[in-house]
2 protein chains.
Amino acid sequence: MKELLYLKDDQLKDLIEKIFVGYRETFSDSKKILDKYSIGLAHQKVIHLLSMYEGISISKLLAKLKVTKQSLNRVLKDLIKLEIIIFKKDEIDTRIKHVYLNEKGKKIFEEIFLLQKKRIYNALLDSSSEEVINFDKVLKKIING
Amino acid sequence: MKELLYLKDDQLKDLIEKIFVGYRETFSDSKKILDKYSIGLAHQKVIHLLSMYEGISISKLLAKLKVTKQSLNRVLKDLIKLEIIIFKKDEIDTRIKHVYLNEKGKKIFEEIFLLQKKRIYNALLDSSSEEVINFDKVLKKIING
DNA sequence: ATTATAGGTAAGTTATATTGACATATTATA
DNA sequence: TATAATATGTCAATATAACTTACCTATAAT
């Protein structure tokens, strides 16, 4: 049987450290823009998801973020104050609230994303198609644990 | 010129979400053990680094964690109370303090790591050598910005 | 002698999240 | 129709991890 070096504890530890650093750096590049609007990491994540999933419901947002209602509501209230999100009731099931970024919200997202994506963009640009595809594949497997 | 689909904004957004989820899941599997010892994520990170870099100095720990001295000191004090770390002065430059996990500390790390590594281990086991190597390569590029 | 480095500490504050309890409106189901 | 389940909101208290500002000692380097 083949020795799989990357399954050894030292390599796993190394990978775990890299996952931590990769996350931290990916979410810190845009800090200046967040400061400009007096928001933080939690707001950035919500804005990011709203940009990806337009009209997402509260409960789906909660499931993606894995935080409590109370936590999410604090953030949403800040975004309402900033006047960058709007709500629309579901036409069939009026209990459901759909959340959207408005025009101002989309602009602020673009400001944040412009800084944030650079790191990822450059890393992918510097990689082959296969490397990128495999990165995505393994990351998916880690997530789906 | 080739169309690089994965350099488009939608794909970059998707990858950023995955980086976030991958990090969160990787650092949440071991929560039960952390609770058992009444410590948190910040402690887990320090213990992880101490396990990787035996005898690391305070300033190098700070550089790796990118937190303030005050933040790190709170965590180290907890680890001292738990009786799982020891310090040794550098023999040449006595200003420098080297930090080590003691035997109890190493055991607690192994408890944490046993749960934490499963997710990564299984993902890598389910991947080809090339996929794993490419995952690591791209992650490195993301980190080195 | 002066400056730089390594580390520590105190007080106050902020960001993000939690638990637990309770409330309302709406929809689904027995 | 009565009851249960779902989607959402809110209050109060607490926890965790971080921050800023400021100041301190000890040691090493210039």
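Here is the naming used below: chain letters follow the sequence lines, and residue numbers restart at 1 for every chain.
- Residue contacts shown for B:I92 are limited to sugar-phosphate atoms, with no base heavy atom under 4.0 Å away.
- When distances run from any side-chain atom of B:A42 to the nucleotides C:dT16, C:dT27, D:dA17, the shortest one goes to D:dA17.
- In this structure, NZ in A:K106 is found 13.5 Å from CD1 in A:I108, a value given to the nearest 0.5 Å.
- Residues from residues 50-70 of chain A lying near DNA chain D, meaning a heavy-atom separation below 4.0 Å, are A:S57, A:I58, A:S59, A:K69, A:Q70 in numerical order.
- In this structure, A:L34 atom CG and C:dA15 atom C1' are separated by 12 Å, rounded to whole Å.
- A:F109 and A:F113 have parallel rings, their planes meeting at less than 30° on a 0 to 90° scale where 60° marks the start of perpendicular.
- Residues A:T94 and A:V75 each lie close to DNA chain C; by heavy-atom proximity, the contact nearer the 5' end of the strand is made by A:V75.
- Figure legend: cation-pi geometry between A:K60 and A:Y53 absent, as NZ or CZ is not positioned both under 6.0 Å from the six-membered ring centre and within 45° of its axis.
- Atom NZ in A:K88 sits about 16 Å away from atom P in D:dT8, given to the nearest Å.
- Listed pair A:R74 / C:dT16 meets the phosphate criterion, a side-chain N or O lying under 4.0 Å from OP1 or OP2.
- Rounding to whole angstrom units, CD1 of residue A:I96 and C1' of D:dT6 are separated by 9 Å.
- Rounded to whole Å, the distance from CD1 on A:I47 to P on C:dT16 is 11 Å.
- The CG atom of B:L72 sits 15 Å away from the P atom of D:dT20 (whole-angstrom rounding).
- Residue contacts shown for A:H98 are absent, as no nucleic acid heavy atom lies under 4.0 Å away.
- Between D:dA17 and B:H43, a contact under 4.0 Å exists linking OP1 or OP2 to a side-chain N or O.
- With hydrogens and angles disregarded, no donor-acceptor distance shorter than 3.5 Å links the side chain of A:K18 to the backbone of B:D136.
- The residue B:K77 sits close only to the backbone: its heavy atoms come under 4.0 Å of sugar-phosphate atoms, none of a base.
- Mapping A:D78 and A:R95 onto DNA chain C by nearest heavy atom places A:D78 at the nucleotide closer to the 5' end.
- Counting heavy atoms of neighbouring residues, nucleotides and ligands inside a 6.0 Å radius, atom CD of B:E54 does not exceed 12 of them.
- A salt bridge links A:K141 with B:E131: the closest approach of a Lys/Arg side-chain nitrogen to an acidic carboxylate oxygen falls below 4.0 angstrom.
- Atoms CG (A:D93) and P (C:dA25) sit 15 Å apart, rounded to a whole Å.
- Whole-Å rounding puts the B:R24 CZ to C:dT16 P distance at 16 Å.
- The ring pair (Phe, Tyr, Trp, His ring centres under 6.0 Å) contacts involving residues 126-145 of chain B comprise A:F135-B:F135, where partners must be two or more places apart or lie in separate chains.
- Summarising the geometry, the separation between CG on B:N73 and C1' on D:dC19 is reported as 15 Å, rounded to the nearest angstrom.
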